[in-house]
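So the structure is just underneath, and the comments pick up after that.
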Amino acid sequence: MPELPEVETVARDLQHSVAGATIVHAHVSWDRTIRHPQPPERFVAEIEGATILRVSRRAKTVLLHLEDGRVMTVALRMTGALIVAAADADPDPYVRVVFSLADGRQLRYRDVRKFGRIGLWPGGGLRSVGAGRGSRSRKVAEGARRYRIGEVFSGHGPEPLSRTFTVGRLAERLGRRSARLKSLLLDQAFIAGVGNIYADEALWRARLHPLRRADGLADGEVRRLHRAVRQVLREAIANRGSSLRDYVGADGEPGANAERLAVYRRTEQPCLRCGTRIERIVVGQRSTHFCPRCQPLPVASVPS
DNA sequence: ACGCCTACCTGCTTGC
DNA sequence: TGCAAGCAGGTAGGCG
């Protein structure tokens, strides 16, 4: 479900609605939602009584900072959602964890496909929750070592909306890689928070073919990509995210961005710029949508 | 470094 | 209508 704009929307919603709230009770109905090595019973015991100080986002993970310095991380993966509900709200068979708040409300973790994971990390440090390949060499046995807070997401690439994510930085990173643009945009170690929807949208906006190799871009093309990624994400946040199926904000309402998507899941429909039929191909086992006319593939620009 | 595969899960859509 | 296959916003781990 959620990519950067959706997770950002949830985090902002929660900052407004549950910052300052105290968790008086927790109930876990699908144990594997709780990250190893925390046994669910221990997690429940340790979270009870905690007060939520503030809520933020890093990459596609929601961070609930607790008053005592500990941090609860919620990785929503495909269908996870964090929803604030009244205690007497309708029962929902897909709610995997319920946090009962002191004021009577519930913070519900809902997840149809059960891929999401919730972690609780000690004050002043978290264990690595790295991002795939890039963090592999840094991986250590679970529980064997603690990372300091600044190193928590050390396996992740830059936040695309941060001020430090400049054209120059993107150019430098692209220049060192031979992979296809689409695959790189999905690589959390290369850039944090972009997923399948916004990768396709950004490439369409930048008029770059998803199979172009990263180190083959001209300066102007890098500039277009940098601008496109940031615009697409910012606009989606302004629209509270793209709801294709399961995604809702913490208020339980879907976002409004899905209807503004230019290529994602618009196979065979006309390109909004030139009217050419949008094509669907598979890149790295992920559906990929693009306009064959606006996003041409120059000869010899594909990874071999 | 890179691409490709499988696994984790459930539900909806599509095609015969 | 029924039923199987294919598809889904993510990512970890394994292989060549």
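Atom set for the values below is all heavy atoms of this structure, side chains included, hydrogens, waters and symmetry mates excluded. So you know, we letter chains A, B, ... as the sequences are listed, proteins then strands, and number each from 1.
The shortest side-chain heavy-atom distance between A:K60 and A:L76 does not fall under the 4.5 Å cut-off. In this structure the side chain of A:V97 never reaches within 4.5 angstrom of the side chain of A:H27, judged on heavy atoms.
A:S287 and A:R280 share a side-chain donor-acceptor pair at under 3.5 Å. In this structure, a donor-acceptor pair under 3.5 Å is absent between the side chains of A:E279 and A:H289. Under 3.5 Å, the side chains of A:D215 and A:S178 contain no donor-acceptor pair of N or O atoms.
When each of B:dT6, C:dG10, C:dG9 is scored by its nearest atom to the side-chain atoms of A:K60, the top-ranked nucleotide is C:dG10. Comparing B:dC9, C:dA8, C:dG9 by their nearest atom to the side chain of A:W30 picks out B:dC9. Distance from the side chain of A:M78 is smallest for C:dG10 among the nucleotides B:dG11, B:dT6, C:dG10. Set against C:dG9, C:dA12, B:dG11, the side chain of A:Y94 has B:dG11 as its closest nucleotide. Considering only side-chain atoms of A:R180, the nucleotide from C:dG10, B:dC4, B:dT13 that sits closest is B:dC4. Side-chain proximity of A:N196 to B:dC2, C:dG9, B:dC4: nearest is C:dG9. Of the candidates B:dC9, B:dG3, C:dG9, B:dC9 carries the atom nearest the A:R113 side chain, counting heavy atoms from C-beta on.
Applying the ring-ring contact (aromatic ring centres under 6.0 Å, His included) test to residues at least two apart or on different chains, none of the pairs has a partner in residues 77-120 of chain A.
For A:S287 and C:dA8, the shortest distance from a side-chain N or O to OP1 or OP2 is below 4.0 Å. An OP1 or OP2 oxygen of C:dG9 is reached within less than 4.0 angstrom by a side-chain nitrogen or oxygen of A:R286. An OP1 or OP2 oxygen of B:dC2 is reached within less than 4.0 angstrom by a side-chain nitrogen or oxygen of A:S178.
Computed from coordinates, the A:R35 CZ to C:dA12 P distance equals 9 Å when rounded to whole Å. Rounding to whole angstrom units, CD of residue A:E6 and P of C:dG10 are separated by 9 Å. Taking atom CZ of residue A:R77 and atom P of nucleotide B:dC9, one finds them 11 Å apart after rounding to whole Å. Whole-Å rounding puts the A:D111 CG to C:dG9 P distance at 15 Å. A:R117 has its CZ atom 13 Å from the P atom of C:dT11, to the nearest Å. In this structure, CD of A:Q188 is placed 15 Å from P of C:dG13, rounded to the nearest angstrom.
Residue side chain A:F115 fails the stacking definition with respect to C:dT11, as its ring centre and the base's six-membered ring centre are not both under 5.5 angstrom apart and under 30 degrees in plane angle. Residue ring and nucleobase are not stacked for A:Y247 and C:dG9 under a centre distance beneath 5.5 angstrom and an angle between planes beneath 30°.
Using a 4.0 Å heavy-atom cutoff across all strands shown, A:R280 reaches sugar-phosphate atoms only and no base atom.
Applying the ring-ring contact (aromatic ring centres under 6.0 Å, His included) rule to A:F190 yields no partners; only residues at least two apart in sequence or on another chain are considered.
In DNA chain B, the stems built from three or more successive Watson-Crick or G-U pairs (distances below 3.5 Å) are B:2-8 with C:10-16, B:10-16 with C:2-8.
In terms of position along DNA chain B, the nucleotide closest to A:R176 lies nearer the 5' end than the nucleotide closest to the other residue of the pair A:K114 and A:R176.
A donor-acceptor contact under 3.5 Å is not formed by the side chain of A:R177 with the base of B:dA1.
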